[in-house]
Amino acid sequence: MVTARFKGSKWNLVAGIVMLFLGGFVWFNPFGTMLALAFYIGIGFVLAGAFYVMSSIEIRSGWYLLVGALDLVVGLILMANLGITAASLPVILALWSLTVGVVQLIGAFELKRYELPWGWSVLMGIIGIVFGLIILAYPLVGAITISTVVGLYAVMFGILQLAEYYMSKNMYQIIIDRR
């Protein structure tokens, strides 16, 4: 059983190396990264929008329906023309963030009226508005930030996978030595 655990950890080594290469690729290919992100974010928006629409039917909230419809439209726009979307992704995300932030603020006060927890909705609404305004003011910074964060995440994930591999290798040796 110990040997199987060690053999399984070799996949952490493979995953770590792959993620390090992916992180480097993302950093040195920001346009390709923006194209891929446009597609995947579009899918995410469509799925989130569908879930918001279903939730709005269940809880009978016009605000959830509005956010769901907005997410569906944004998702379809993102996926319809990836080249234009990649170039305008920071502005699209900023406008979405502003709109959803405002809707979340309004929805928070609806929650408050029904004596439901509403503080997190206010906080998220404010964060969304501030984020949207910053990216609208500096869209190039937004594009660079998006690619940089994705690349950084991949590199960090790769480093953590390598660390997990080496830690599990050492744990295997400790377990064998104790026998």
Do you know the tightest heavy-atom contact between [X] and [Y]?
X: Gly128; Y: Ser97; answer: O-OG, 2.6 Å
X: Ala38; Y: Leu78; answer: O-CB, 3.8 Å
X: Tyr64; Y: Ser55; answer: CD2-OG, 3.4 Å
X: Met34; Y: Pro90; answer: CE-CD, 4.1 Å
X: Ala108; Y: Val122; answer: CB-CG2, 3.5 Å
X: Ala69; Y: Val53; answer: N-CG2, 4.1 Å

Report task. Sequence neighbours left out, what passes side chain to side chain donor-acceptor pair (under 3.5 Å) with Trp63? Give chain and number order. Result -> Glu110

Examine [X] and [Y] and state if one hydrophobic cluster contains both, with Ile, Leu, Val, Met, Phe, Trp and Tyr joined whenever side-chain heavy atoms are less than 4.5 Å apart.
X: Met124; Y: Tyr114; answer: no
X: Trp120; Y: Val100; answer: no
X: Ile127; Y: Val103; answer: no
X: Val102; Y: Leu95; answer: yes
X: Ile129; Y: Ile135; answer: no

Query raised in the report: Crowded around Leu47 CG? As in, over 12 foreign heavy atoms under 6.0 Å?
Result: yes

Query raised in the report: How far does CG of Leu123 sit from CD of Gln104, to the nearest 0.5 angstrom?
Result: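 Going from CG on Leu123 over to CD on Gln104, the span is 9.5 Å.
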
Requested in this report: Would you give the length of the straight line joining atom CG of Leu105 to atom CD1 of Ile126, rounded to the nearest 0.5 angstrom?
Outcome: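 One gets 5.5 Å once the value is rounded to the nearest 0.5 Å.
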
Listing, residues 16-31 side-chain donor-acceptor contacts under 3.5 Å, not counting sequence neighbours, or none:
{"unit_1": "Trp27", "atom_1": "NE1", "unit_2": "Thr148", "atom_2": "O", "d": "3.3"}
{"unit_1": "Asn29", "atom_1": "ND2", "unit_2": "Phe25", "atom_2": "O", "d": "3.0"}

Query - Candidate pair Trp96 and Asp71, rule side chain to side chain contact (heavy atoms under 4.5 Å, CB included), full reasoning - result: CA-CA 8 Å; Trp96 170 82; Asp71 283 356; 2.6 Å; yes

**Report entry** Criterion side chain to side chain contact (heavy atoms under 4.5 Å, CB included) on Leu162 and Leu13, from CA distance to verdict
**Finding:** CA-CA 5 Å; Leu162 292 175; Leu13 176 65; 3.5 Å; yes

Report task. Give the C-alpha distance, both sets of side-chain angles, the deciding distance and a yes or no for side chain to side chain contact (heavy atoms under 4.5 Å, CB included) between Val74 and Thr99. Result -> CA-CA 11 Å; Val74 168; Thr99 306; over 6 Å; no

